[in-house]
Amino acid sequence: MMNIGVLALQGAVREHVRALEAPDVQVTVVKKVEQLNELDGLVFPGGESTTMRRLINLYGFYEPLKQFAAEGKPVFGTCAGAILMAKEIAGQAEPHLSVMDMTVERNAFGRQRESFEAYLPMKNVGEDIEAVFIRAPIIRSVGENVTVLAEYDGSIVAAQQGPFVACSFHPELTDDDRFHQYFVEVVRQSLKEPVAQ
Amino acid sequence: MEKRTGTDRVKRGMAEMQKGGVIMDVINAEQAKIAEEAGAVAVMALERVPSDIRAAGGVARMADPTIVEEVRDAVSIPVMAKARIGHIVEARLLEALGVDYIDESEVLTPADEVFHLNKSEYTVPFVCGAKDLGEATRRIGEGASMLRTKGEPGTGNIVEAVRHQRLIQAQVRKVLSMSDDELMTEAKNLGAPFHVLQDIRETGRLPVVNFAAGGIATPADAALMMHLGSDGVFVGSGIFKSDNPAKFGRAIVEATTHYDDFKLIAELSKDLGTAMKGIEISTLEPKDRMQDRGW
């Protein structure tokens, strides 16, 4: 049985818990640092990245989360979660957790009225993946060890670097669980042979 | 790759991302920055906070667009703004200004005493207040993508928000336990759109996020509303009417996140200075009860 956590400081937690469901997966709602020790993988949900970062600092999650990623344990970030993972944030002096070699730009598609949904083909995941973009970031560039999983209109919207997966949309808001199950598979594989960074 | 804007998923999803968070009323860029720094998930741009609207009397309208723009440009978190109930043009104007959510709000003087906005027509999502499940589902039927309790705004008195949240939760539970042949009668009794009740019964919950609002004055109030099943809280007059808004705002945010950690809430409730004064509900004249605006 794998144990995958969803960081529950703020944001859409319940939706991720549902989307991760699989016979061999136990999902943990993570509110305290100690819970990280029991996890095989972790999801950073959508929400407000500035708010989440404040709460990460406040509750001493900052170093433990960096450590979790440094051990090569799988992490999946959607929207605000991807912003938390990026090594660089356009127009911002400091990144947050800096676990994945990519530059993101916040609210890059515009404000809420420009938010949209679309179907995307995703490398390794499938065709016509339902993607809901809400005040979404864009992945402006990625490092050489990063695989682009999906693009929308010429912009990168999903990527993977070994055990780390990030996307600028919200697969958790749809009934299409293929991307989550792809991450579950990443966790499953990591338990067989720990992925080197 | 066809792109669809303003769908239910996009509009409701935006509110889903705010869950577990605090939305704070602000009247200028400086307050907006303090709110963002304190950990607010969004700010509500207003000309006056509800307690000042109460004190000033007269007609309360949408904020001056200058204030909305000033707040919008000061922060990176979402910006909401209030339009009068039924005021189509105020709502369209706020949509044009690029606000991220519109509150069709009883805090302002209603522009229409009969018809609420047909919110499905807009690309921008709406939040609306409700006192019970009938009102909540009527707003959803009109296209609201988020709900909040009405409470009694600007009083610093939590009792009405508690009443509304308890009632809505109890009525949802009742719907969940009903058989098919009972549901239509319940729809009639509540004045609720039948299809929204069906939706609730199928999914086991309200189809949109439901926040608490109206009278939250302390961190303990915020935590109480989370205990009662709110998805998050709106704090209006409470923060910037307190002695130390930055500290007060942080305390409310933390109490909302960790609403079941009582030791923590006790700690962060210390030395916050005086909370807003507050009004006993029974002393309000019927005409001053904002919750009775709209239907």
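Only heavy atoms go into these numbers, but all of them, side chains included; no hydrogens, no water, no symmetry mates. Quick note on labels: first sequence line is chain A, next is B, and so on, each numbered from 1.
Heavy-atom distances place the side chain of L264(B), and not its backbone, under 4.5 Å from chain A. The contact between E130(A) and chain B is made entirely by side chain atoms (from C-beta outward), counting heavy-atom distances below 4.5 Å. Contact of A42(B) with chain A is not made at all, since no heavy-atom distance falls under 4.5 Å. With a 4.5 angstrom heavy-atom cutoff, T174(A) touches chain B via backbone and side-chain atoms both. Only the backbone of E114(A) comes within contact range of chain B, judged by heavy atoms closer than 4.5 Å. For R72(B), the parts lying under 4.5 angstrom from a heavy atom of chain A are both the backbone and the side chain. Of the two parts of E254(B), the backbone and the side chain both hold a non-hydrogen atom closer than 4.5 Å to a non-hydrogen atom of chain A. If you measure heavy-atom distances from R111(A) to chain B, the contacts under 4.5 Å come from both the backbone and the side chain. For R113(A), the parts lying under 4.5 angstrom from a heavy atom of chain B are both the backbone and the side chain. Looking at T50(A), the atoms closer than 4.5 Å to chain B (heavy atoms on both sides) all sit in the side chain, from C-beta outward. Using a 4.5 Å cut-off between heavy atoms, V209(B) makes no contact with chain A at all. Contacts between S76(B) and chain A at a heavy-atom distance below 4.5 Å involve backbone atoms as well as side-chain atoms.
Taking 4.0 Å as the cut-off between side-chain N and carboxylate O, D261(B) and K32(A) count as a salt-bridged pair.
The greatest number of non-hydrogen atom pairs below 4.5 Å with chain B, out of R106(A), R135(A), R54(A), R53(A), is found for R135(A). For chain A, the option among K11(B), H258(B), E36(B) with the highest count of heavy-atom pairs below 4.5 Å is H258(B). Ranked by heavy-atom pairs under 4.5 Å with chain A, the list T257(B), D100(B), T5(B), V124(B) is led by D100(B). Note: E15(A) leads M52(A), K31(A), E15(A) in heavy-atom pairs under 4.5 Å with chain B. For the set I134(A), N107(A), V13(A), V132(A), the count of heavy-atom pairs under 4.5 angstrom toward chain B peaks at I134(A).
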(request) I would like to know whether R14(A) and K19(B) meet side-chain contact (heavy atoms from CB on, under 4.5 Å); could you show each step before the answer? (result) CA-CA 10 Å; R14(A) 180 186 63 217; K19(B) 277 188 298 195; 3.5 Å; yes

(message) What verdict does the side-chain contact (heavy atoms from CB on, under 4.5 Å) test give for E2(B) and F116(A), after you've listed the backbone C-alpha separation in whole Å, the side-chain angles of each residue and the deciding distance to 0.1 Å?
(response) CA-CA 10 Å; E2(B) 193 205 347; F116(A) 64 98; over 6 Å; no

(message) Assess the residue pair H170(A) and R9(B) against the criterion (side-chain contact (heavy atoms from CB on, under 4.5 Å)); give the C-alpha distance rounded to whole Å, side-chain angles, the decisive distance to 0.1 Å, and a yes or no.
(response) CA-CA 10 Å; H170(A) 294 281; R9(B) 274 206 299 219; over 6 Å; no

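Counting non-hydrogen atoms of neighbouring residues, nucleotides and ligands closer than 6.0 angstrom, the CD atom of E30(B) reaches no more than 12 such neighbours. Residue D24(A) qualifies as enclosed at atom CG: its count of foreign heavy atoms under 6.0 Å is above 12. Open room surrounds CD1 on I88(B); 12 or fewer heavy atoms of other groups in view lie less than 6.0 Å from it. The environment of K247(B) atom NZ is dense: over 12 non-hydrogen atoms of other residues, nucleotides or ligands sit within 6.0 angstrom.
The line from OG1 of T7(B) to CD of E117(A) is 3.5 Å long, rounded to the nearest 0.5 Å. Expressed to the nearest 0.5 Å, how far NZ of K3(B) lies from OH of Y152(A) amounts to 5.0 Å.
Scanning all heavy atoms of the two residues, the minimum distance from L173(A) to G13(B) falls at CD1-CA, 3.6 Å.
The shortest side-chain heavy-atom distance between V10(B) and Q112(A) falls under the 4.5 Å cut-off.
Of the possible polar contacts, one joining the Q10(A) side chain to the M17(B) backbone as a donor-acceptor pair under 3.5 Å is found.
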